[in-house]
Amino acid sequence: MPRRLLDRPPTLSIQEALAKARDPDAYIADDGKAEIRICAGTACHASGRLEVREAFAAELSGRGLTETVRVVETGCHGFCEEGPIVVLRPRGVFYPHVRPEDVPKIVEASVVNDDVYQKRLYKDPVTKQRIAHEKDIPFYVGQGRRVLGLNGKIDPYSIDDYLAHGGYQALAKALAGDDPEAVVETITRSGLRGRGGAGFSTGTKWGLARKAPGDTKYIICNADEGDPGAFMDRSVLEGDPHEVLEGMIIAAFAIGAGEGYVYVRHEYQFAVDRLRHALAQARERGILGEHVLGCDFSFDVHISEGAGAFVCGEETALMASIEGRRGMPRTRPPYPAVEGLFGKPTNINNVETYANVPWIINNGAAAFAAQGTASSKGTKIFSLTGKIANGGLVEVPMGATLRHVIFDIGGGVSSGHHFKAVQLGGPSGGCLPESLLDESIDYESLTAAGSMMGSGGMVVVDDSTCMVDFAKFFLMFTAEESCGKCAPCRIGTGHLVDILDRICAGKGELADLDRLEVLARVIKNGSLCGLGQTAPNPVLSSLRYFRDEFVEHIVEKRCRAVVCRDLVQYRIIPGNCTGCQRCVQVCPTGAITGPRAEAHNLDPEKCIKCRSCYEVCRFDAIAGDAIVIESRGENAR
Amino acid sequence: MAVKARSRRQPDDVSGTPVPADPWPEIMRGLEGGRSDLVPVLQRVQAAFGYLPEDSVRRIARWLKLSESEVFGVATFYAQFRFTPPGRHHLRVCLGTACHVKGGVQMMETLERRLGVGAGQTTADGEYDVERVACLGCCALAPVVTLDEDIHGQMSVLQLQELLDAETSA
């Protein structure tokens, strides 16, 4: 069903329509002017960016600079650990952890003068050097930002910013080509694979939906980012919503869909708000709605807010949810490409997948395929969190090593502890030990290692994390989020939690390890959807690489990370205790007693291991190290 | 690290207390009354009342021509919906992966000890309700506790206690 353009020379008309879509008077961010860019991502917001923005506005107006220097609120800069982040253009001076009281000094140094305010510059945790410019910070140097290219540069509320930076050129190009088949072909040849976790070829998926019979077809963007510890999709939607929208419109053109949905978590209010704004702007400028850019192609997008169910990240469950039913998955086939939303052929991709599409159309399949490994092309965004020095959002080419991401970009483990494991792929993924850090990041290698690419959560843990407790954490999550439709997942995950609970409490037996493995295999093979099929991965990978910790819990009743409550005790070291009474004051159960200036006593019978005394001793008390948490019986050795 | 982002919910815009005249026209505005309107309409009802009152479920069922059990079935499936009035203040503890490895569990226990209620419950005086969330998505600030609209990051047991002290004495 080839689509014909309206009766004008195609290329000209579309380019004209695109040119007309731009407001010539709009303010354009990042085009070489003096500009103060404040990150308005969720983490920076939580760290106080509103106060910082007000402080800048007040300072600029006090100095009569409001006309010459604009304050622009951008999407996520990615370096979330350092928020609120402010970058001063055009020189790119980077100020992390900005507080309102720093603002006058920053304006004086870097806006009025061509200097830097040394005291607030970023300090490299490894070299202890102050670094002035964004481009020189190791966290950014090691990355290859493509999907995140405009994140932190443009105002997500401004379609003009996006247009001025080459936005919607890919859509114009695809429409001008007037050949949906060719678009599918380009995406297929690029080697783009689903960024939501499963890694299915995007082009093949589009091709199936295109070939499926029927006049009504749908496009869905899966933004139900449910993995705890993953926030890539939210940041892309918050920082550059038009990039995702452009990808969706191109996909709609390619498969012949007239309507689309973005299914987004209701918790992501910033993302919903910016997306809603983007949709309204795109409609206003003729990029969405009837006759997109003047062509004989119409497409519109609805927002569907998820109501909080992890399983709705699974495509068939997600569609059930949009249809107003319980978000439960169904058997496949039929696949959504044939029988999807409301029974019609539907193409469903993840946010990051759509966000890759404009680049591929603009630069060609070969350029995209040039980056990455034999089977995994392009880049992947990870949210790097946990016990890491430089946490945040990281985009690297496929094929980069885990070591590169964690140590070169992330700066390694924070707080003087030792690296223990990296957890990839959220509750469906697995933990990889130090010996596998030189693995390349691609779909096949990670799966072979017992983990998975997943949606891009990357949580680093150090020797203060207990691997048994960590595995239990993920299983508790999946057990709770299991929709209950199929028995292996509903009942099996609960039993896995029970066994792990027993081991953590020091009541396990060695036969439990075999039980875990057998049960895990049953759940993997017998579950209906991806949630159940991958739920045992955290247990299996932990057993594969950290079996000795499980054995230690069972045989020695010892938790080396001093996490498992039943296996640890709190103790006051009499020689270190100055008798300052701070711990006595905070103890909720009266377990600590003793007169001022004399070493205190801790009654293990009354102690509920709430950690208050430990913290107060570290931060408030004179001694600082008089209270220890240790494995049971350790002081007897 | 704590930031006042927006003022707290006013005591009278939650349940039990007067809700603006008749919220229903606003709730149904722009919806066609089809099956796929069910989740959006539940979300709007909860936004208007703070929870899903029993008679609202009945009303939605009639409007969408579904059985009440079907509406309840959908509403109970999703974590967003609650069936009892919320407390005047809303405490959320993030128990996502990053928060877990940085002590999120201790935050939850501190709240349970101080308030005498656990996740999903409301204190007897209707002052606080406590909720556990799977991930708030600001993992760099772990562990995170939110009080109404304010996000408190990099919390410790002591800081959380100080926060509650300040709230209860205010």
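No experiment lies behind these values; they were computed from the predicted model shown. Chain letters run A, B, ... following the sequence lines, proteins first, then strands; residues in each count from 1.
Looking at B:Thr97 and A:Thr385, their side chains never come closer than 4.5 Å, going by heavy atoms from C-beta outward. B:Cys135 places none of its side-chain heavy atoms less than 4.5 Å from the side chain of A:Phe231. Between A:Glu615 and B:Gln159 there is no side-chain heavy-atom pair separated by less than 4.5 Å. A:Ile608 places a side-chain heavy atom less than 4.5 Å from the side chain of B:Arg113.
With rounding to the nearest 0.5 angstrom, the CG atom of B:Leu95 is 8.5 Å from the CE atom of A:Met476.
We find that B:Glu109 and A:Arg565 are joined by a salt bridge, their nearest charged nitrogen and carboxylate oxygen being less than 4.0 Å apart.
With a 4.5 angstrom heavy-atom cutoff, A:Val563 does not touch chain B via any of its atoms. Using a 4.5 Å cut-off between heavy atoms, B:Leu136 contacts chain A through its backbone alone, with no side-chain atom that close. Proximity to chain B (any heavy atom under 4.5 Å) is shown, for A:Ser321, by both the backbone and the side chain. Of the two parts of B:Gln161, only the side chain, counted from C-beta on, holds a non-hydrogen atom closer than 4.5 Å to a non-hydrogen atom of chain A. Using a 4.5 Å cut-off between heavy atoms, A:Glu323 contacts chain B through its backbone alone, with no side-chain atom that close. When heavy atoms are compared at a cutoff of 4.5 Å, A:Phe342 approaches chain B solely by way of its side chain, counted from C-beta outward. Looking at A:Glu82, there are no atoms closer than 4.5 Å to chain B (heavy atoms on both sides), in backbone or side chain. With a threshold of 4.5 angstrom between heavy atoms, A:Phe474 approaches chain B through side-chain atoms but not through N, CA, C or O.
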**Message:** If you apply the rule side chain to side chain contact (heavy atoms under 4.5 Å, CB included), what do you find for A:Asp469 with B:His100, and how did you get there?
**Reply:** CA-CA 10 Å; A:Asp469 175 77; B:His100 177 82; 2.8 Å; yes

**Message:** Would A:Phe473 and B:Val101 count as a side chain to side chain contact (heavy atoms under 4.5 Å, CB included) here? Give the steps.
**Reply:** CA-CA 10 Å; A:Phe473 163 78; B:Val101 302; over 6 Å; no

**Intermediate values then yes/no, salt bridge (Lys or Arg N to Asp or Glu O under 4.0 Å), A:Glu267 and B:Arg92** = CA-CA 12 Å; A:Glu267 289 98 329; B:Arg92 289 188 298 178; over 6 Å; no

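When the candidates A:Val461, A:Val616, A:Leu384, A:Asp227 are compared by the number of heavy-atom contacts under 4.5 Å with chain B, A:Val616 comes out ahead. Between chain A and the options B:Gln46, B:Arg132, B:Glu70, the largest number of non-hydrogen pairs under 4.5 Å is found for B:Arg132. Your options are A:Cys466, A:Ala230, A:Ser612, A:Ala309, and the one with the most heavy-atom pairs under 4.5 Å with chain B is A:Ser612. Listed options A:Gly229, A:Gly308, A:Gly391, A:Ala307 were ranked by heavy-atom pairs under 4.5 angstrom with chain B; first place goes to A:Ala307. Most heavy-atom pairs under 4.5 Å with chain B: of the set A:Arg611, A:Arg325, A:Met328, this distinction falls to A:Arg325. Counting heavy-atom pairs closer than 4.5 Å to chain B, the top-ranked of the candidates A:Ser383, A:Pro228, A:Ser235 is A:Pro228.
When the shell of 6.0 Å around NZ of A:Lys609 is examined, it contains more than 12 heavy atoms from other residues, nucleotides or ligands.
At distances below 3.5 Å, at least one donor-acceptor pair connects side-chain atoms of A:Arg326 with backbone N or O atoms of B:Gly73. Side-chain atoms of B:Tyr78 come within 3.5 Å of backbone N or O of A:Gly327 as a donor-acceptor pair. Remark: side-chain polar atoms of B:Gln80 are not paired, donor with acceptor, to backbone N or O of A:His266 under 3.5 angstrom. Looking at B:Gln106, its side chain never comes within 3.5 Å of a backbone N or O of A:Cys610 through a donor-acceptor pair.
Every residue two or more places apart in sequence or in another chain that forms a side-chain contact (heavy atoms from CB on, under 4.5 Å) with B:Glu32 is listed here: B:Asp37.
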Review item, side-chain donor-acceptor pairs of residues 138-145 of chain B, under 3.5 Å, at least two apart:
none

